[in-house]
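Each remark here refers to the structure printed beneath this line.
FYI, the numbering just counts along the sequence from 1. Counting convention: from 1, in listed order, for ligands and their atoms alike.
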Amino acid sequence: MDVACLARRSPVRAAADPRALAVDVVDAVRREGRSLSQALPQAERKLDAGQPRALLRELAYGVLRYAPRLDVWLDALVTQPLRPRDAPVARIIQLGLYEMFFLSTPDYAAVNECVRLAGACGPPWAARLVNGVLRNARRRETELARLADSVDSARYAHPDWLIARLREDWPQAAGAVLDANLARAPMSLRVNRMQMDRDAYLERLRAAGIEAMAGRHGAECVILAEPVDVTSLPGFAEGWVSVQDEAAQLAAAVLEPMPGQRVLDACAAPGGKTAHVLERAGGEVELTAIEIDPARLVRVEETLARLGLKADLLAADAAQPESWWDGRPYDRILLDAPCSATGVIRRHPDIKLLRREADIEVLAARQFALLEALWPLLVPGGRLVYATCSSLREENERVVERFVPAQADAVEQPISADWGRAVTYGRQILPGEDGMDGFYYACLHKALT
Ligand SMILES: C[S@@+](CC[C@H](N)C(=O)[O-])C[C@H]1O[C@@H](n2cnc3c(N)ncnc32)[C@H](O)[C@@H]1O
């Protein structure tokens, strides 16, 4: 069964069908291993002009967010497991379950829509199965609720390995982290202080009828009461603001770039922190931004162009400085390392499905290698900030814990702040703390010799 055909040949409506497209997106993530941020925009482009995107987004995000619970429910509801090639039928059932149990869609509407989808291009038995399973689900509601309480992967809607890791790393906080990962993230903005101050921008938002408040920790942060399309933000095209979570906005403060300094942003795309570092230093730093993926480097270029900022952009491997470094040391290095992104699951629920436990060790080795490669580029007396958006100690303090004692000239400087928590090395923000994404920061100083 070709899921894409569901999106193309909806027999009920002439317009592209958001439910069929949502099934398509979930299938792209679960079967093809594509990311939600790649698959969803492609599906959105198939909607007709003027067709609202909200339903498609809600269904794609929601089904992926609760996928581990929906898997447990599906297993309980079907008498025989569906074959891998019938996965789209499973997705349709899970979409129906999500609408029935998480949204206010009336049962009859959810069932009818899903039966129609299955009938559109599935084998004849598919529509009958979808109809039977969804009607039965309502009758077996108490049993489903019991499963959602008693089976961990259903209760927390996370894979078992990640639940176990979080419990091991954060015995007291794991439950709150797992809950926060299921919540909807706020839309946070960073006001470009080269163009205007935060109070002035809050005033502009008020005038535009957009409710917002100042962030608690980020000096340039504004948090919207409800997400809006960026095009409706005052001055977005003119570079007054950028979209960035408050936790990510703390990188520039920890790095503390000073005018006149030479700064390296080693893993730069899409460029949120590159831009913030430049904004904070009033554009007065000489900044080199490295990104291994040339297509992603284009996004840094676009970000800087919108904000009217300048940096040297290089498509290169930060772990191989011999291929790009000119030999002049940097006063500041930001290593926002590639990581599991387990701190931003609430924004990217597909991470729970795409990551494997074995990835963590591989990532930690890569993070360590990047630190080792970049450390010689830092001037004595300079500062390197190591950051990840991971909630796992193996990628965070354990990397720094291994790195610092192995260097004769590396000193970890504790970050004194009223956000996150101090850990053995560095500072960890867990997802949802003060409304922020999960993030880790460590500040390393190079001793003067
Ligand atoms: C966490 S993201 C960086 C986010 C970025 N700092 C921001 O705030 O917008 C990590 C980035 O590092 C890039 N990357 C991964 N390995 C790299 C390497 N060896 N050298 C340079 N960039 C790398 C990835 O492609 C990805 O774009």
Side-chain angles (χ1 to χ4, degrees), residues 35 37-38 188-190 192 218 220-221 241-255 257 263-280 285 287-307 309 311-325 330 332-345 347-348 351 354-355 359-360 362-375 377 384-392 395-396 399 429 431 436-442:
S35 73
S37 49
Q38 282 175 340
S188 306
L189 308 178
R190 184 189 79 240
N192 180 356
E220 294 89 19
C221 181
V241 280
S242 301
V243 177
Q244 190 179 43
D245 187 79
E246 188 167 18
Q249 294 186 36
L250 301 171
V254 178
L255 191 70
V263 180
L264 174 69
D265 183 357
C267 293
K273 297 184 192 73
T274 318
H276 195 193
V277 167
L278 287 164
E279 289 167 6
R280 250 191 120 91
V285 288
L287 192 148
T288 304
I290 305 280
E291 167 57 46
I292 200 163
D293 179 344
R296 282 175 64 78
L297 191 67
V298 173
R299 295 185 58 195
V300 184
E301 207 175 313
E302 290 164 357
T303 301
L304 298 186
R306 183 180 62 81
L307 295 164
L309 299 167
D312 289 330
L313 307 186
L314 289 179
D317 182 350
Q320 313 251 318
E322 61 282 5
S323 68
W324 51 266
W325 186 40
Y330 295 96
R332 295 281 187 271
I333 297 179
L334 174 61
L335 171 53
D336 188 17
C339 71
S340 63
T342 41
V344 293
I345 284 174
R347 295 188 191 276
H348 304 281
I351 287 165
L354 298 176
R355 285 275 169 266
D359 297 344
I360 307 304
V362 175
L363 285 163
R366 195 176 301 161
Q367 291 150 355
F368 188 86
L370 279 162
L371 262 180
E372 267 196 321
L374 294 170
W375 188 250
L377 281 58
L384 182 150
V385 172
Y386 174 74
T388 76
C389 57
S390 167
S391 303
L392 301 176
E395 296 178 85
N396 297 342
V399 171
I429 302 165
M436 295 191 280
D437 283 348
F439 245 88
Y440 170 82
Y441 289 107

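Formation of a donor-acceptor pair under 3.5 Å by the Asp437 side chain with backbone atoms of Asp245 is not found in this model.
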In residues 293-302, what donor-acceptor pairs under 3.5 Å come from side-chain atoms, sequence neighbours left out?
{"residue": "Asp293", "atom": "OD1", "partner": "Ala295", "partner atom": "N", "Å": "2.9"}
{"residue": "Asp293", "atom": "OD1", "partner": "Arg296", "partner atom": "N", "Å": "3.4"}
{"residue": "Arg296", "atom": "NH2", "partner": "Ala269", "partner atom": "O", "Å": "3.1"}

Less than 3.5 Å apart, which donor and acceptor atoms pair up between the side chains of residues 365-373 and the rest of the protein, not counting sequence neighbours?
{"residue": "Gln367", "atom": "OE1", "partner": "Tyr386", "partner atom": "OH", "Å": "3.4"}
{"residue": "Gln367", "atom": "NE2", "partner": "Pro338", "partner atom": "O", "Å": "3.0"}
{"residue": "Gln367", "atom": "NE2", "partner": "Glu395", "partner atom": "OE1", "Å": "3.0"}

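The list of side chain to side chain donor-acceptor pair (under 3.5 Å) pairs with a residue in residues 266-276, not counting sequence neighbours, reads Glu220-His276, Asp265-Thr274, Lys273-Asp336.
Using a 4.5 Å cut-off on side-chain heavy atoms (C-beta onward), Val263 and Leu255 make contact.
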Polar pairs, ligand 1 vs protein, N/O only, below 3.5 Å.
{"residue": "ligand 1", "atom": "6 (N)", "partner": "Cys267", "partner atom": "O", "Å": "3.1"}
{"residue": "ligand 1", "atom": "6 (N)", "partner": "Asp336", "partner atom": "OD2", "Å": "2.7"}
{"residue": "ligand 1", "atom": "8 (O)", "partner": "Lys273", "partner atom": "N", "Å": "3.2"}
{"residue": "ligand 1", "atom": "8 (O)", "partner": "Lys273", "partner atom": "NZ", "Å": "2.9"}
{"residue": "ligand 1", "atom": "9 (O)", "partner": "Pro270", "partner atom": "N", "Å": "3.3"}
{"residue": "ligand 1", "atom": "9 (O)", "partner": "Gly271", "partner atom": "N", "Å": "3.0"}
{"residue": "ligand 1", "atom": "9 (O)", "partner": "Gly272", "partner atom": "N", "Å": "2.9"}
{"residue": "ligand 1", "atom": "19 (N)", "partner": "Asp317", "partner atom": "OD1", "Å": "2.8"}
{"residue": "ligand 1", "atom": "20 (N)", "partner": "Ala318", "partner atom": "N", "Å": "2.8"}
{"residue": "ligand 1", "atom": "22 (N)", "partner": "Ile292", "partner atom": "N", "Å": "3.2"}
{"residue": "ligand 1", "atom": "25 (O)", "partner": "Glu291", "partner atom": "OE2", "Å": "2.6"}
{"residue": "ligand 1", "atom": "27 (O)", "partner": "Ala269", "partner atom": "O", "Å": "3.3"}
{"residue": "ligand 1", "atom": "27 (O)", "partner": "Glu291", "partner atom": "OE1", "Å": "2.8"}
{"residue": "ligand 1", "atom": "27 (O)", "partner": "Glu291", "partner atom": "OE2", "Å": "3.3"}
{"residue": "ligand 1", "atom": "27 (O)", "partner": "Arg296", "partner atom": "NE", "Å": "2.8"}
{"residue": "ligand 1", "atom": "27 (O)", "partner": "Arg296", "partner atom": "NH2", "Å": "2.9"}

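In plain terms, the two heavy atoms of Leu392 and Ser390 that are nearest each other are N-OG, 2.9 Å.
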